[in-house]
Amino acid sequence: MRQVGWIAGTAAAVLVAGGAITYAVAQDDGSNTAAPAADSADAGFARDMAVHHQQAVEMSYIVRDRTKDTEVRRLAYDIAQTQANQRGMLIGWLDLWELPKVSADAPMTWMGMGDMASGDDGALMPGMATDAEMKKLGTLNGKQAEIFYLQLMTDHHKGGIHMAEGCVAKCKVGVEKKLAQGMVDAQQSEIRLMADMLKARGATARD
């Protein structure tokens with residue numbers, strides 16, 4: 001419970017800082033004055049992570065309707081609020097840069113991994129749940145819903161961390177790189193928390 005509370009505090013700090021970071025990207029740190037190109041890592045990460053985050057938000061609201069467990073509901077709320085806010089920042093940057101929010105290129109092309117995800121059944125990027133898995137989550141209740149959500153979100157975070165690390169390595173806009181590193185740190189912490197929560201329910205993350 002203490003760790004969930006710490007994550008909630010971290011999420012609140014991210015939400016408060018969101019507006020300032022979105023504004024700051026217009027000026028960055030002075031090292032980049034031109035807007036990124038449409039095929040840049042900065043634009044690609046913003047587009048792809050916005051899609052990736054949207055599923056996490058949807059997944060989190062589904063499980064909140066399927067369980068009364070306070071710990072899981074609090075974690076799901078924290079994830080939904082944090083990722084919805086970050087998604088808004090990413091889309092706001094694309095608007096600021098006057099770049100399209102969709103691309104004809106396959107997801108993760110900006111990482112040189114455009115062929116990594118099959119895209120089958122809605123899983124457009126690594127870690128994303130399939131449409132069938134999202135539908136299944138909506139049919140479960142109580143402990144079963146909690147376990148399946150924690151397993152899905154662990155996979156989702158692992159895929160998100162991989163993408164965020166790609167931005168840290170390839171993006172040029174300073175505040176976007178900082179946001180990506182923050183995602184890595186926060187989601188690694190949440191993965192550890194979810195492992196403990198799964199263990200408490202007699203389950204483990206999926207291979």
Side-chain angles (χ1 to χ4, degrees), residues 10-11 13-61 79-131 134 153 155-188:
T10 302
V14 171
L15 290 171
V16 170
I21 294 175
T22 303
Y23 175 78
V25 76
Q27 298 179 350
D28 198 17
D29 57 6
S31 61
N32 295 294
T33 56
D39 61 352
S40 66
D42 299 273
F45 174 73
R47 282 191 295 261
D48 288 353
M49 192 56 84
V51 173
H52 205 268
H53 272 19
Q54 181 60 33
Q55 188 185 67
V57 173
E58 294 172 1
M59 193 185 301
S60 296
Y61 279 115
I79 290 174
Q81 293 301 302
T82 298
Q83 296 209 16
N85 181 69
Q86 291 174 345
R87 183 176 184 274
M89 292 163 62
L90 294 166
I91 291 174
W93 290 345
L94 290 170
D95 283 338
L96 183 69
W97 298 330
E98 298 182 349
L99 295 177
K101 299 179 184 65
V102 295
S103 172
D105 294 331
M108 300 180 69
T109 297
W110 58 276
M111 290 180 67
M113 298 179 178
D115 59 349
M116 187 170 182
S118 67
D120 291 343
D121 198 24
L124 301 176
M125 285 164 266
M128 290 187 70
T130 64
D131 291 341
M134 293 290 283
M153 190 58 74
D155 291 344
H156 203 274
H157 273 17
K158 289 178 180 178
I161 287 169
H162 178 61
M163 289 172 58
E165 288 175 337
C167 179
V168 172
K170 295 177 177 291
C171 289
K172 302 299 183 183
V173 176
V175 289
E176 188 176 20
K177 289 167 70 77
K178 291 177 183 177
L179 176 66
Q181 184 59 58
M183 291 178 186
V184 172
D185 297 341
Q187 293 188 23
Q188 286 176 338

How are the rings of H156 and H52 set relative to one another: parallel (under 30°), tilted (30 to 60°) or perpendicular (over 60°)?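 Tilted: the ring planes of H156 and H52 meet at 30° to 60°.
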Show the nearest heavy-atom pair for residues [X] and [Y], with the distance to one decimal.
X    : Y    : answer
A84  : V57  : N-CG2, 3.7 Å
S60  : M153 : OG-CE, 3.6 Å
A50  : I91  : CB-CG1, 4.1 Å
W110 : S40  : CB-O, 4.0 Å

Nearest 0.5 angstrom please: [X] [atom1] to [Y] [atom2], how far?
X    : Y    : atom1 : atom2 : result
Q81  : Y61  : CD    : OH    : 4.0 Å
H53  : N85  : NE2   : CG    : 9.0 Å
L94  : L99  : CG    : CG    : 6.0 Å
L124 : Q55  : CG    : CD    : 8.0 Å
M163 : M49  : CE    : CE    : 4.0 Å
M125 : M113 : CE    : CE    : 14.0 Å

Counting N and O atoms only, with roles assigned by atom type, does the side chain of [X] sit under 3.5 Å from a partner on the main chain of [Y], one being a donor and the other an acceptor?
X   : Y    : value
D48 : M108 : yes
D42 : V173 : yes
R47 : A38  : yes

Any heavy-atom pair between the side chains of F45 and L90 that's under 4.5 Å? yes
Quick one: does E176's side chain get under 4.5 Å of C167's, heavy atoms only? yes
Tell me, with the steps shown, if Q83 and Q187 meet side chain to side chain contact (heavy atoms under 4.5 Å, CB included). CA-CA 11 Å; Q83 296 209 16; Q187 293 188 23; 3.6 Å; yes
For V184, side chain to side chain contact (heavy atoms under 4.5 Å, CB included) partners two or more places apart: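 For V184, the residues satisfying side chain to side chain contact (heavy atoms under 4.5 Å, CB included) (neighbours in sequence not counted) are I161, A164, E165, Q181, Q188.
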